[in-house]
Amino acid sequence: LLFGLMTQESGGDVHAISHSGAAGPLQFMPAAAMRYGLSRVGSFDERFDPRREAQAAAAYMSESLGDLHGDFTLAVASYNAGDGLLRQLAAANPNAGFWARPIHSAVPSETRGFVPRVLAAAWLFAHPERYGLSFPRVDTALTPLRLTQPIALNGLASCLGSGTRALAPHRVTLWNLNPRLDPASILPGGTTVYVPSSMADGYPSRCVRNPNVLLAQNGPAQQTVVPPPHAIPAFAPTAAPASGRLIQTALRTYTVRAGDTLYSISRRFGCQSATALARANDLGSARDIDVGQPLELTGCEAS
């Protein structure tokens, strides 16, 4: 059920932020987050900790199921429309389920679409073989890795992922497993980070005894914009060229012109995505731009 909720709320994006202020992979609003124990620890918002938010979502669903007589459809509806509304509707219609006209017609149209999509995703996840589906196997074994020398999380992803076809998945994996760490800040030796167990064995040879890691250690210190701990980082090292040195992505500013969208801008400048560009500029969504607005092209490749 949590999988079904996540597919509709964020698509699995640990760093998701909605225009209404919901955040994290399961999109808790600030008030609901406080109610279920998700707080700010220093500058870190615990809604961006996938484990903590999943625990909060499970607690919310358990409470809703208790209030709504164990009806999963009503509990899922409450996740989208609010538990207050669904409790009122359930109390006024004690023997009715979500599909009954008095309830179905009274919830927002978004909720009427949300409930069947969540339940369908949850069912497919639980019974993929019935529909010829095959979910990719995910290595969920984690290893706490104690750093022997200073390095940023971005640099660690780059050296652990050296020799692979794409570095971006390694960066996202480490961001998601270590959501409380600023990915662009240098971590001192002795810091413990979590990495997939399959990657841990490569740390000594790829990161400690690799001369290319020197730039990964020192590069982020030159970055002038430090991203918030939950955000897609403003600085991301690229793959190593033949010279053996990594190339840093320069920080640039672009002024929005008539007809521009964040999608077209991200395509033009080789950015990771429109969503990442929105986060780097503290925008509520990919639609929140105006003509004449300056945008920091952080994490983009070409001018």
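Positions are given from 1, in the same order as the sequence printed here.
Here the side chain of Arg279 pairs a donor or acceptor atom with the backbone of His15 at under 3.5 angstrom. The backbone N or O of Phe28 sits less than 3.5 Å from a side-chain atom of Glu53, completing a donor-acceptor pair. The backbone N or O of Tyr60 lies less than 3.5 Å from no partner atom in the side chain of Tyr79, so there is not a single donor-acceptor pair. With hydrogens and angles disregarded, a donor-acceptor distance shorter than 3.5 Å links the side chain of Arg52 to the backbone of Gly37. Of the possible polar contacts, none joining the Arg180 side chain to the Asp49 backbone as a donor-acceptor pair under 3.5 Å is found. At distances below 3.5 Å, not a single donor-acceptor pair connects side-chain atoms of Gln149 with backbone N or O atoms of Gly189. Listed for the Thr143 side chain is no donor-acceptor partner under 3.5 Å among the backbone atoms of Leu145. Side chain of Ser78 to backbone of Leu86: no donor-acceptor contact under 3.5 angstrom is found. Between the side chain of Ser64 and the backbone N or O of Met61 there is no donor-acceptor pair closer than 3.5 Å. A donor-acceptor pair under 3.5 Å is absent between the side-chain atoms of Asn178 and the main chain of Leu181, judged by distance alone.
Atom CG of Leu74 is separated from atom CG of Asp83 by 12.5 Å, given to the nearest 0.5 angstrom. Atom CG of residue Leu5 and atom CD of residue Glu9 lie 6.5 Å apart, to the nearest 0.5 angstrom. Going from atom CH2 of Trp99 over to atom OG1 of Thr73 covers 7.0 Å, rounded to the nearest 0.5 Å. With rounding to the nearest 0.5 angstrom, the CG atom of Asn80 is 9.5 Å from the CD atom of Gln8. Atoms CG and CG, from Leu1 and Leu65 in turn, are 7.5 Å apart once rounded to the nearest 0.5 Å. Atoms CZ and CG, on Phe44 and Asp182 in that order, are 11.5 Å from each other to the nearest 0.5 Å.
Tracing side-chain contacts under 4.5 Å through hydrophobic residues (I, L, V, M, F, W, Y), one never reaches Phe125 starting from Tyr131; they form parts of separate clusters. Neither Leu133 nor Phe3 shares a network with the other; the hydrophobic side chains, linked directly or stepwise wherever heavy atoms of I, L, V, M, F, W or Y lie under 4.5 Å apart, form separate groups for each. Hydrophobic clustering of Ile, Leu, Val, Met, Phe, Trp and Tyr side chains at less than 4.5 Å, counting indirect connections, unites Tyr36 with Val76. Criterion: ILVMFWY side-chain heavy atoms under 4.5 Å apart, direct or through other members. Under it, Leu26 and Ile17 are not part of a common hydrophobic cluster. When hydrophobic clusters are built by joining Ile, Leu, Val, Met, Phe, Trp and Tyr residues whose side-chain heavy atoms come closer than 4.5 Å, directly or via intermediates, Leu187 is grouped together with Val208.
Here the side chains of Leu89 and Pro102 are not in contact, with every heavy-atom distance at 4.5 Å or above. Counting heavy atoms from C-beta on, the side chains of Ile151 and Cys159 come closer than 4.5 Å.
For the pair Ser20 and Met29, the tightest heavy-atom approach, listed with the atom from each and the gap, is O-CE, 3.2 Å. Pairing each heavy atom of Glu46 with each of Val41, the nearest pair is OE2-CG2, 3.6 Å. For the residue pair Leu68 and Ala90, the shortest heavy atom distance occurs at CD2-CB, 3.7 Å. Between Leu85 and Pro108 the shortest heavy-atom distance is CD2-CD, 4.1 Å. Here the closest non-hydrogen pair linking Leu177 and Pro196 is CD1-CD, 3.7 Å. The two residues Phe48 and Ala23 make their nearest non-hydrogen contact at CZ-CB, 3.6 Å.
Other residues, nucleotides and ligands place no more than 12 heavy atoms under 6.0 Å from the CD atom of Glu110. Heavy atoms from other residues, nucleotides or ligands lying under 6.0 Å from CZ of Phe72 number 12 at most.
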**OP:** Applying side-chain contact (heavy atoms from CB on, under 4.5 Å), run through Leu174 and Val195 and close with a yes or a no.
**Re:** CA-CA 6 Å; Leu174 293 191; Val195 302; 3.7 Å; yes
